[in-house]
Amino acid sequence: MSVFGEAALSAFLELLSAKLLDPVLNFVADHRQVHQQLQLWQSIIPEIKAVLNHAEEKQIKDEDLAYDVDDILDEFAYQELRLKLQKTQAQANISKIQKLIPTCCTGGNFSPISFMFNAKMISKIEAITDRLNSLNTRRNSLGLSEIMSQGATSKGKKPRLQPTSLIDGAVEYVGRANEKQKMLELLKSNNSDGVCVLSIVGMGGIGKTTLAQLVYNDPSIKESFYHKSWVCVSDDFDAVNITKTILRSLDADSRDENDLNLLQVMLKEKLSGKRFLLVLDDIWNESYRDWTILRHPVKAFFLDKLSHHDCLSIFAQHALKARNFDGHPQFKEIGENIVRRCNGLPLAAEAIGSLLRTVTDHKDPHGLIPALRLSYHYLPPHLKRCFAYCSIFPKDYEFKEEEIILLWRAEGFLQLKAKIQGKGLGNQYFQDLVSRSFFQISSKDKSRFVMHDLMNDLAQLVAGEICCRLEGEKQQKFSRRSRHSAHVSDDWNHSVKKFEAFYQMTSLRTFLPLPLMVPRYEVFYLSNVVLDDLLSRLSYLRVLSLRGYEIYDLPDFFENLKHLRYLNFSRTRINCLPDSLCTLYHLETLILRDCSKLKNLPSKIGNLVNLHFLDIRGADSIERMPSGFDQLTKLQILSNFVIGEGDGLLIRELKNLSNLRGNFCLSGLENVNGQDAREAKLNEKLGIDGLELQWGTGLENSTRKKEVEERVLDFLRPQKKLEQLIIENYGGVKFSSWIADSSFKNLSSLKLRNCKNCKSLPSVGRFPLLKDLSIISFDQVQKIGVKLFGENQLNPFASLEILSFESPPNWKEWDTCEGDEKVLKLPRLRELSIKTCPQLLGRLPTHLPSLQKLEIHSCTRLVVSISSFLSLCKFSIRGCAELVDDCSSPAKELSSLQTLSLSNISKFNIPADRIMLRFGNSEHFEIDAWEELASLSQHGFSLVGHRFISVWHCPQLQSLEAEEAELQPNKISHVESLKIASCGRLNRLPQVLHELTFLTVMEIYNCRGLVSFAENNLPPNLKKLKIADCENLEYLVDEKEDNKSMSSILCLLEDLEIFECLSLMSLSSKGHKNICNQLQFLEISACSKLSCLFSNTMGCPELEYIAQEFEETACLESIVIFRSGIKSLPRGLDKLIHLQEICLESGLLTTSFRAFLVDRCGKFGTLPKCMASITSLRELRRFPVNLTSLAISNAPKIYRSLVEWGLNRLTSLQKLAIGEEGIGIMLPPSLTRISLSEFENLEFMFSEGFQDLASLKELVIDNYMLLSLGYLLISRCSLLKEECSSDKGREWSKISHIPLVNIDFKSVIPMESD
């Protein structure tokens, strides 16, 4: 039995014995045969459950049993719901129905429920009864009895070796010096009179015990503590034994005593008034009562992963007995790959290193797996299942808490209790796993979580066959017993073959496509066979997701999915949902997010009485809700409720939805009157903490009445614990009084958008916890001041951190009471944004001590002073009247500034000598649309101090540094990236450009005045250079004198791209090749005067000797030449041993021959003879046999040569594109893709020509047509079009399985409904 199976069986039986059987027994009371069977279940299950924790050791294995029992009971529950709904809705007269039933079909206890229990169902029940009896019999025969204690160690299991306080003197401990020092400081600085607890928290193997050992054995501990003691607690938290151990460490001769009171009295006598350090290692106990002796405040010390370098050192020590790989360079690459797999886990590096040192012993010597598995061992059964289920997620998959909780709920993992329900319980489970480090916060996105790779391995290990995942194109052989599966693919079409493995998993509960974190494609296509055939077979599904697939219509398969709890169609193109969806009476979660084509929800949605979660965010085509929401009393999350025109009464259905919580949006409020709004009872929805009230955008519509909308807003007052409020497109003249009611003490975010009729803002300054305030598009507001802050409010906006104003076109005055005792002070404001306020005059508030981000955009009459903002991190000005600095006080350095963006400033009034203090240390420095700027130094700016510099659209800019202010070599510039665009008068770059040793990226666009890039040499560490549209550029490097020493200077340029430089003649005016000695990627386009790269090379037509211009040791991997008129492949390709790709015009050639394409080269007759000398190839008549991709179009000479040689000899060829001349050739069996073009008279293709192509996936026909197992595109083939356009065509059956079929660029599969 897998560990997952044990946990599953235990948890399921807990549920079954607790609550599931009782209602089923009541339901089947009239069916004697079924009732008797279930009574047997009820008596057997508790006995099995009582010994389950030891069943695995006795080899009692039947983990499928729990699932099968659950499926049967679930079907009973489904039928009960169905009958109940039918009775309620149809008011069926059961007695009349009975009269229609022949008496031969009835018995003394007959009821209509008998119809549900056909012979097949009864045989299933009897089979499960036999399995339960068998399991119970084996329990008795093996001598298992109910075991209340779980503390004993099982026979045959070797006790786990407990860690001690001793450290290995032969090992150098790396990577924890900072953590050790911080812990020592915390321990020695604490002067608490009581017990202070410092807990080290982290996942198994992260090094918690090692860190404790390092601290415990530090010499300074002896100086700070009278005594220290180390106790390994492990499984059993025994206060008596712990106290004994401490006493023995103080006095080895202390008498043995088992009375806890006497022991603690003795301990108190020895330690009273003295500082002592107690380390309790390996603790798994969570009982509060056991921790009462340590009930003083606990400080958690979270231990993070080690760096790759430190892990590598640990690995080297244990694998090679060396600190690093300097003495063993042959192992370095594989060692680094292994350590990268350890992902910062020191125990993993140590264990694998030790294993490799003693390769004859393949056991785990240092307990890597036990260390992780022990963490799992101590989880309660419900958490074991939740964790093991997550094995279906691929490594590095980042997930949100809500996403996982919804899946757990659907799978039945949340053991709902009276006090904690819904997200509360799921949140508790999730946070329990986070606190135990099974899940970790993602380093990329703090709102997401991830599992460490080794935790993912552990999850797969304990899940066994029950969970599986399909990744990429791997065709894994899944077990028929698999219940939960996810599939991940970066392919854009998902054909039938991808899902072949799912046909054997007939009891599957989870069908879950997962997106890549960085998907290669935006659209994914799914074969109709999956929709029409596969899914209808998976009748036990609890979770079904078709997220992200390009699906327009859904087949009517829901009646077969009666167990379904979770349904996700987000980001599909469906325009309607079939009515059969409303027969999913168990459905709890329905996700329709970003279904932009969906117009309506199903009319019988009221049948989904178990629905908890409905998300229609982004489904903007839904114009109204159907009736029936008042029946969805279990609904907790409802993202949006849309009231259509004439449907105002429907808002009353919200009255019954008392369990709503989280974020809730009401839209279409222009269709509601005040009385209907009152009946919604929003103020009684105590779980809603985020509310959005949304009217339609047509404020000028004559049917909208300002007074009506004011009354509606009055009656939509929410509950007082509201945290977030958004009001949008409100048409009233004034806001309701409740919006400024100070009773909303929890309100933290308020956004008011497009309230164009409101003449003033509500007094929201009194909200004590308001952190985010946004005011957008208030056309009537002219003054903002005391009204907003609140009359007589002593400390308005005490907690405000983010304040933004956008598009109030008539706002003229911001009265901040400067110089008054009531001056506006925003002590915690971190971000201030003012955008598109063309009438705003005056200055900004000055009392903003915490301001870190300031954005002023399109405020052409506003004066901005930076004098008071000393904590700025980001400063962006894009259009203001004046930028000033108060010179009456000494300038202070803005040391925190990271990003500076200046644009369209009418008057720049900051003295040059203060610029560097204010702006000189910003990492990102951007200047845009500064009409008068002639040089950076003109206003005191410099290259010094910035890492990333961008200068855009400065028409007067002639140089970055004025000649008299040129950067001196002794001034270190740390600039790493320099980008300049649309500076037409720029005629030179800094003369000491080659001294910018940190510069790695440069991009120059549309600088017509630039003649040369550099006068001496390129910056020594420049790796990427891109120049485009510099029509007068003649040389990259224009050496004024022939300095021979320049040729020996190493240049690290790797990527060079030059476009549309019509005057470019050479890269170097003196022919120095050193500027390209590390070049890997070269791309040249539309440089009509460039015939060779280096001027001292013999002239040649159109770059045909470009390959010979490079040294034999050149690193060049790719050459791309567009729009040059080149007539033949470059000569000397055999010299470039690293070259992988040449792209000429529209042609592609790779010398490693992964691809070879020649297009529009009618005069191109043959490959150059040098191809035979390329060392990476084996060559036959100039066609390399390891070619994997070949495309030839309109090149008849090359084509004839290829046919004569024999195309079938290319045994590695996977992709082939040919023209009409290719009819009749033999094809190699390795092909996965064939492309045929210019077949104007194509009528048919013989299947015999393809029967040996077992690997073929794609077939391309015509200029722009693709047919594959995943995609068929038919263009300009009128004979095929008629037969493939609908299911009535003769060829339809041959293409209907393909995920995407386009005919003349119109989608046929999937077919978009009109």
Side-chain angles (χ1 to χ4, degrees), residues 12 15-16 20-21 23-24 26-28 31 34 38 64 66-90 92 112-125 127-128 406-407 409-413 483-485 502 505-512 530-546 554-569 577-591 602-614 628 631-632 634:
F12 269 134
L15 286 172
L16 298 178
L20 290 183
L21 273 170
V24 173
N26 293 332
F27 180 55
V28 300
H31 197 292
V34 175
L38 296 187
D64 293 328
Y67 288 104
D68 294 339
V69 169
D70 186 49
D71 288 338
I72 291 288
L73 297 182
D74 200 55
E75 191 156 341
F76 284 132
Y78 176 87
Q79 298 294 351
E80 181 181 17
L81 271 174
R82 181 180 64 82
L83 290 176
K84 187 182 295 184
L85 283 167
Q86 287 180 352
K87 182 177 180 180
T88 301
Q89 295 171 356
I113 195 174
S114 301
F115 283 115
M116 295 186 298
F117 302 112
N118 54 30
K120 185 176 180 181
M121 172 66 81
I122 292 175
S123 66
K124 282 183 182 180
I125 296 171
I128 287 177
L406 290 175
L407 293 173
R409 178 205 287 277
E411 304 291 2
F413 295 166
R483 305 284 178 158
H484 310 292
S485 178
F502 288 86
M505 296 184 283
T506 54
S507 297
L508 196 68
R509 289 180 166 221
T510 309
F511 185 91
L512 188 66
V530 175
L531 294 173
D532 295 333
D533 182 47
L534 174 60
L535 293 181
S536 61
R537 295 169 181 258
L538 303 177
S539 58
Y540 293 104
L541 283 178
R542 262 68 170 175
V543 170
L544 172 60
S545 174
L546 296 173
L554 290 169
D556 207 358
F557 54 63
F558 292 110
E559 289 185 351
N560 295 328
L561 303 179
K562 60 185 68 174
H563 300 284
L564 208 60
R565 260 78 171 176
Y566 175 104
L567 193 53
N568 188 345
F569 292 132
L577 295 168
D579 287 337
S580 63
L581 184 143
C582 294
T583 64
L584 301 176
Y585 307 128
H586 284 317
L587 192 67
E588 297 172 344
T589 298
L590 179 58
I591 304 177
S603 58
K604 297 182 180 179
I605 197 169
N607 287 352
L608 304 179
V609 292
N610 280 306
L611 198 64
H612 286 73
F613 187 102
L614 175 58
Q631 304 301 311
L632 308 182
K634 293 184 179 180

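Since we're looking at a predicted model, the values are computed, not measured.
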I need the L83 CG to Y585 OH distance, nearest 0.5 Å. 9.0 Å

How many angstroms lie between atom CG of L564 and atom CG of L544, to the nearest 0.5 angstrom? 5.5 Å

Applying ring-ring contact (aromatic ring centres under 6.0 Å, His included), can you list everything that pairs with F511, at least two apart in sequence or on another chain? H487, F499, F502

So do L535 and L531 actually touch side chain to side chain, heavy atoms under 4.5 Å? yes

Sorted by chain and number, sequence neighbours left out, salt bridge (Lys or Arg N to Asp or Glu O under 4.0 Å) with R542 holds for D70, D71, D74

Could you walk me through whether R537 and T506 satisfy the side-chain contact (heavy atoms from CB on, under 4.5 Å) test, starting with their C-alpha distance in whole Å, then the side-chain angles of each, then the deciding distance to 0.1 Å, before giving a yes or no? CA-CA 7 Å; R537 295 169 181 258; T506 54; over 6 Å; no

Check side-chain hydrogen bond (donor to acceptor under 3.5 Å, both in side chains) between Y540 and all other residues, then give those that pass, not counting sequence neighbours. K124

Which atom names give the shortest non-hydrogen contact between G606 and Q631, and what distance separates them? O-CB, 3.5 Å

Got L590 and L584 here, is their nearest side-chain heavy-atom distance under 4.5 Å? no

With side chains defined as the heavy atoms from C-beta onward, is the minimum distance between Y67 and R509 less than 4.5 Å? yes

Pairwise side-chain contact, L608 with L614, heavy-atom cut-off 4.5 Å (strictly under): no

I128 CD1 to L73 CG distance, which is reported to the nearest 0.5 Å: 8.0 Å

Apply side-chain contact (heavy atoms from CB on, under 4.5 Å) to the pair L81 and H586, showing each step before the final yes or no. CA-CA 8 Å; L81 271 174; H586 284 317; 4.0 Å; yes

Which heavy atom of V543 sits nearest a heavy atom of E411, and at what distance? CG2-OE2, 3.3 Å

In Å, rounded to the nearest 0.5 Å, how long is the span from CG of L561 to OG of S536? 8.0 Å

Taking every non-hydrogen atom, the tightest pair across L581 and P602: CD2-CG, 4.3 Å

Do the side chain of N610 and the main chain of L587 share a donor and acceptor less than 3.5 angstrom apart? no

Kindly determine whether H563 and Y78 satisfy side-chain contact (heavy atoms from CB on, under 4.5 Å), including the steps that lead there. CA-CA 8 Å; H563 300 284; Y78 176 87; over 6 Å; no

Mind checking the CG-CG spacing from L546 to L512? Nearest 0.5 Å is all I need. 10.0 Å

With T589 via side-chain contact (heavy atoms from CB on, under 4.5 Å) - residues at least two apart: L406, Y566, I591, F613

Any salt bridge (Lys or Arg N to Asp or Glu O under 4.0 Å) involving residues 555-564? Give me the pairs, sequence neighbours left out, ordered by first then second residue. E75-K562

Listed partners of S485 passing side-chain hydrogen bond (donor to acceptor under 3.5 Å, both in side chains), at least two apart: none

Working to the nearest 0.5 Å, report the span between CZ of R409 and CD of E588. 5.5 Å

Check: T583 and N607 side chains under 4.5 Å, non-hydrogen atoms: no

